[in-house]
Every structure is written in structure tokens, then in C-alpha cells.
Amino acid sequence: MYDVSSNTSHASALLVWYDRHRRVLPWRAAPGEPSDPYAVWLSEIMLQQTTVTAVKPYFAAFLKRWPDVAALAAAPVDEVMRQWAGLGYYSRARNLHACALAIAQRFGGRFPDDEAALRALPGLGPYTAAAIAAIAFGRRAVVVDGNVERVVARLFAIETPTPAAKPLIRERAAAITPDHRAGDYAQAMMDLGATICTPKQPACAICPLSQACGGKALGDPARFPVRMPKTVRPRRRGAAFYVTRADGAVLVRTRPPKGLLGGMTEIPGTPWSGDFIEGSALDLAPIKARYRKLDGCVEHVFTHFALQLSVYVGEVETASAAPEGCRWTPAERLDGEALPSLMRKVVEAARGATEV
DNA sequence: TAATCGTGGTC
DNA sequence: TGACCAAGATT
């Protein structure tokens with residue numbers, strides 16, 4: 001206890017707190033128990049920009065269906081995409097499968113245990129590689145996610161607006177990262193950010209780092225991290241065509257593998273643009289049919305734009321062939337398609353309007 | 001460096 | 001009700 005450098009004191013105060021207040025999470029090993037690298041990896045990918053609440057059911061479903069990395073590697077990528085549907089950021093699912101294949105084929109089914117090798121795998125960036133090295137293998141690593149950024153920015157009262165402050169935040173984070181209990185420390189920082197040092201109203205009164213916190217000393221810790229002024233979110237509009245055959249089959253198509261909703265199933269529609277003309281929507285219908293426009297719009301907000309989608313409902317004869325790029329899917333199999341949430345909204349709107 | 005890439009919850 | 005936010009990666 002004679003080393004009173006900030007390095008050790010921050011970490012030990014945090015670890016004492018963690019031993020008492022750590023969250024119980026499905027992918028987290030019990031104290032003293034070894035963690036399963038597969039579970040750690042799977043959860044870390046799912047948790048990228050995604051809440052714990054949203055991840056839990058997906059994590060359980062994946063683990064039940066594919067209990068280890070070999071099972072996941074052996075699955076068709078389309079099955080993985082379907083299982084991922086609804087969780088968002090679909091390139092994660094494609095990379096997840098690519099990573100499982102790499103582990104199975106290049107590493108004999110065992111995850112590499114150092115940060116650099118992990119970093120080279122698909123879908124593993126600086127954060128995730130460091131997190132897995134620390135949590136699954138006990139390696140010292142500087143783990144910086146959104147929680148750590150917030151905690152560190154407050155602790156050191158960093159005035160530089162993010163994202164310009166990232167290098168400084170990383171430097172400060174490295175300076176307080178201990179050499180021991182790497183996994184516990186990384187998870188402690190994230191638990192602190194998630195439960196105490198929260199974005200809006202940090203609970204400084206019960207924070208183990210409050211004594212050392214520069215942001216608190218200044219009187220307004222919630223001011224950190226300092227953000228750059230926000231940009232406006234543009235709105236785009238378009239139309240979707242929900243076409244059914246007399247036998248109930250629905251016309252769908254698969255989006256290109258890359259880009260927005262890459263590789264996912266969609267209801268055919270027009271491009272989405274800022275200057276969409278409602279009156280010319282029907283000129284872009286994928287197949288000739290009698291269409292009825294539903295009242296209102298399906299609304300959906302993406303990260304960088306908001307979308308308003310008109311929905312047209314049409315019906316064709318059973319003999320009708322699917323147009324180029326489209327396919328018919330039986331009504332009872334539509335829910336099993338890799339439908340992103342936006343498209344589930346479209347389907348729901350169309351069904352609600354047709355079944356009355 | 002700056003865009004792009006989902007979704008659901010919160011205030 | 002709209003803006004912000006969540007265990008970021010990729011290009």
C-alpha cells in the first residue's frame with residue numbers, strides 16, 4: 001500500500017467496488033471461474049453499439065443453436081443472417097461467420113490469445129480485440145469503449161471535444177490500466193460507466209472514483225465528454241410494394257451483400273431519396289398489378305437519415321413469374337426470412353390493411 | 001478523417 | 001417528440 005501513484009489507486013478502488021457490485025450477465029464467468037472465449041467473443045460482437053437488454057435474447061438463441069465456434073463455422077451464412085435479423089448492423093453477422101470460419105480453419109477451433117492476432121480477425125477492431133484479450137485471456141490491454149471514454153473524460157476533465165479527444169483519452173486510459181486482473185478491470189470500467197458514471201445524471205455520491213474525479217471537482221461532471229455540435233438528420237422517402245399471389249406467396253428480394261441492410265430480405269420498392277415523387281411511385285413497381293396505396297407511412301429512423309415509406313398493396317395471379325431479381329416466398333415462410341425491423345414494419349402494415 | 005451502418009429505449 | 005444514446009468496425 002505504499003505505491004500511491006494514481007495508476008494503482010484508481011485501479012484498486014475500482015476493483016474493490018467491482019468485487020461488490022459487478023453485474024451478473026449471461027456471458028460473464030462467475031468470480032474465479034475461467035471464461036469461455038467463444039461466449040466472450042459472441043457477446044462482444046453483439047454488444048457493439050447495442051444495449052445489454054437487446055443482446056440477451058440473441059445471445060441465448062445463438063449459444064443454444066451454435067454452442068461452440070465450430071458449430072457456428074459449419075452453419076450456412078444465411079442461417080446466421082436470419083438468426084441475427086432485428087439486431088441491426090448486419091455486417092456484424094457476416095463478419096461473425098467469417099471470423100468463426102477463420103478460427104475453425106486457421107486456428108484449429110481455438111481463439112488466439114493475444115491482442116494483435118485477435119485484431120486481425122474479421123469484425124474485431126481495437127476495442128473488441130482488447131476486450132477479448134483482457135476478459136477471455138487475462139492479458140493486459142487498454143480497453144476503450146464508450147463507457148471508458150466517458151469515465152476517463154470525466155476523471156481527467158478533458159475539455160477537448162470528441163472525437164478529437166480520443167488519442168488523449170486512450171493515453172489517460174492506458175496510464176491507469178493495471179497489470180493484473182485485466183479482465184475484471186476492463187469489465188469494472190464498463191460496469192461503472194453503465195451503472196454509476198452514466199451519460200445524463202452520474203451518481204457521484206456512490207462512485208468509487210469520485211475522490212479523484214476532475215469533472216466532479218469542477219462541479220459538472222455530466223458536461224464531459226465534450227461533444228461537437230450535432231448535425232441534422234436528413235429525411236428520405238420512398239415506396240414499397242407488398243405484392244401477394246392468389247396462393248398467398250409474397251414477392252421479396254435479397255439486398256446486395258454490402259451497404260445498408262446488406263444481404264437482408266426486403267419488400268421490393270423504389271430507391272429512397274430526398275426528392276421522392278409520390279405520383280411517380282407506381283412507375284417503379286416491380287410487377288404489373290392493381291395497387292392500392294395504404295394511408296400513412298411506415299416510419300423508420302436509421303443512424304444517419306430518417307425514412308418515410310409509402311406502402312402499396314397489390315395482388316397478382318398464381319401463375320405470375322417473379323420479375324428479375326425478385327422471388328416468391330410462401331406466406332408461412334415470410335416470418336422466417338432475414339427481415340430487418342424496417343421490413344417487418346412494412347409487412348405488418350400491409351397485413352393489417354389486407355386482413356380486415 | 002469522415003461517412004456509413006440498425007434498432008429500441010429514454011427523457 | 002425528437003434528440004440522444006448503447007461493450008464500434010469498416011472503408
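Values reported hereafter were calculated over all heavy atoms of this structure, with side chains retained and with hydrogens, waters and symmetry mates removed. Each chain gets a letter, A, B and so on, in the order the sequences are listed, and its residues count up from 1.
- Within the 4.0 angstrom heavy-atom criterion, base atoms lie near A:Leu87.
- When heavy atoms are screened at a 4.0 angstrom cut-off, A:Val148 is found touching no nucleic acid atom at all.
- With DNA chain B read from its 5' end, the first of the two nearest nucleotides for A:His304 and A:Lys200 is the one closest to A:His304.
- For C:dA7, its base sits under 3.5 Å from the side chain of A:Arg23 at one donor and acceptor pair at least.
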For residues 65-78 of chain A, which side-chain N or O atoms pair as donor and acceptor with protein atoms under 3.5 Å away, sequence neighbours left out?
unit_1, atom_1, unit_2, atom_2, d
A:Arg65, NH1, A:Gln83, OE1, 2.5
A:Arg65, NH2, A:Glu79, OE1, 2.1
A:Asp68, OD1, A:Ala70, N, 3.1
A:Asp68, OD1, A:Ala71, N, 2.8

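- Per the geometry, CH2 belonging to A:Trp272 stands 11 Å off C1' belonging to B:dG6, to the nearest Å.
- For A:Pro340, taking side-chain heavy atoms from C-beta onward, the closest of the listed nucleotides C:dA6, B:dT7, C:dG8 is B:dT7.
- Picking from C:dA6, C:dA7, B:dC5 the nucleotide with the shortest atom distance to the side chain of A:Thr303 gives B:dC5.
- For C:dG8, one of the phosphate oxygens OP1 or OP2 lies less than 4.0 angstrom from a side-chain nitrogen or oxygen of A:Gln49.
- Here the P atom of nucleotide C:dA7 and the CD atom of A:Glu149 are 11 Å apart, to the nearest Å.
- Across all strands, A:Trp41 comes closer than 4.0 Å to no nucleic acid atom at all (heavy-atom distances).
- Between the side chains of A:Tyr127 and A:Glu44, at least one donor N or O sits under 3.5 Å from an acceptor N or O.
- Electrostatic pairing of A:Glu159 and A:Arg223 counts as a salt bridge here, judged by a charged N lying under 4.0 Å from a carboxylate O.
- Rounded to a whole angstrom, the distance from the P atom of B:dC5 to that of C:dA7 is 23 Å.
- Among the heavy atoms of the strands lying under 4.0 Å from A:Thr128 are primed sugar atoms or P, OP1, OP2 only; no base atom is included.
- Ion pairing of A:Asp191 with A:Arg22 is absent here, as no side-chain N (NZ or NE/NH1/NH2) approaches a carboxylate O to less than 4.0 Å.
- Of the candidate nucleotides B:dG8, C:dT10, C:dG8, C:dG8 has the atom lying nearest to any side-chain atom of A:Asp145.
- When each of A:Val144 and A:Arg233 is assigned the nucleotide of DNA chain C with its nearest heavy atom, A:Arg233 is the one assigned upstream, toward the 5' end.
- As rounded to whole Å, 13 Å separates atom P of C:dT11 from atom CG of A:Leu124.
- Contacts of A:Pro163 with the nucleic acid, taken as non-hydrogen atoms under 4.0 Å apart, are absent.
- At a cut-off of 3.5 Å, with distance as the only test, no side-chain donor of A:Ser43 or A:Arg28 sits close to an acceptor on the other residue.
- The CG atom of A:Leu14 sits 8.0 Å away from the CD1 atom of A:Ile176 when rounded to the nearest 0.5 Å.
- Within 3.5 Å, no donor on the side chain of A:Thr51 pairs with an acceptor on the base of B:dG8, nor the reverse.
- Of the candidate nucleotides C:dT11, C:dT10, C:dA7, C:dA7 has the atom nearest to the side chain of A:Asn147.
- Among the protein residues, A:Gly193 comes within range of no part of the nucleic acid, since none of its heavy atoms lies under 4.0 Å from any strand.
- Looking only at atom types and distance, the side chain of A:Arg92 has no donor-acceptor partner in the side chain of A:Asn95 under 3.5 Å away.
- Between the C1' atom of C:dC5 and the CG atom of A:Leu47 lies a distance of 15 Å, rounded to the nearest Å.
- With rounding to whole Å, A:Asp191 atom CG is found 10 Å from C:dA7 atom P.
- Out of C:dT11, B:dG6, C:dC5, the shortest distance to the side chain of A:Leu260 is found at B:dG6.
- Between A:Phe302 and A:His300, the distance separating the two ring centers is shorter than 6.0 angstrom.
- The side chain of A:Arg150 places an N or O atom within less than 4.0 Å of a non-bridging phosphate oxygen (OP1 or OP2) of C:dA6.
- Rounding to whole angstrom units, CD1 of residue A:Ile45 and C1' of C:dT10 are separated by 13 Å.
- Comparing C:dC4 with B:dA3, their P atoms sit 16 Å apart, to the nearest whole Å.
- For A:Tyr89 against B:dG6, a side-chain-to-base donor-acceptor contact under 3.5 Å is present.
- Taking every side-chain heavy atom of A:Pro126 into account, C:dA9 is the closest of C:dA9, B:dT7, C:dC5.
- Of the candidate nucleotides C:dA7, B:dG8, C:dC5, C:dC5 has the atom nearest to the side chain of A:Arg227.
- Residues A:Gly146 and A:Val301 both approach DNA chain C. Their nearest nucleotides, taken by heavy-atom distance, put A:Val301 toward the 5′ side.
- A donor-acceptor contact under 3.5 Å is formed by the side chain of A:Thr50 with the base of B:dG6.
- One interatomic measurement links the two molecules: NZ of A:Lys56 to C1' of C:dA7, which rounds to 14 Å at whole-angstrom precision.
- Looking at heavy-atom distances under 4.0 Å, A:Leu25 makes contact with a base.
- A:Arg344 comes within contact range of no nucleotide atom at all, as no heavy-atom separation falls under 4.0 Å.
- Between A:His300 and B:dT7 there is a side-chain polar atom (N or O) within less than 4.0 angstrom of OP1 or OP2.
- Atom CZ in A:Phe302 sits about 16 Å away from atom C1' in B:dA3, given to the nearest Å.
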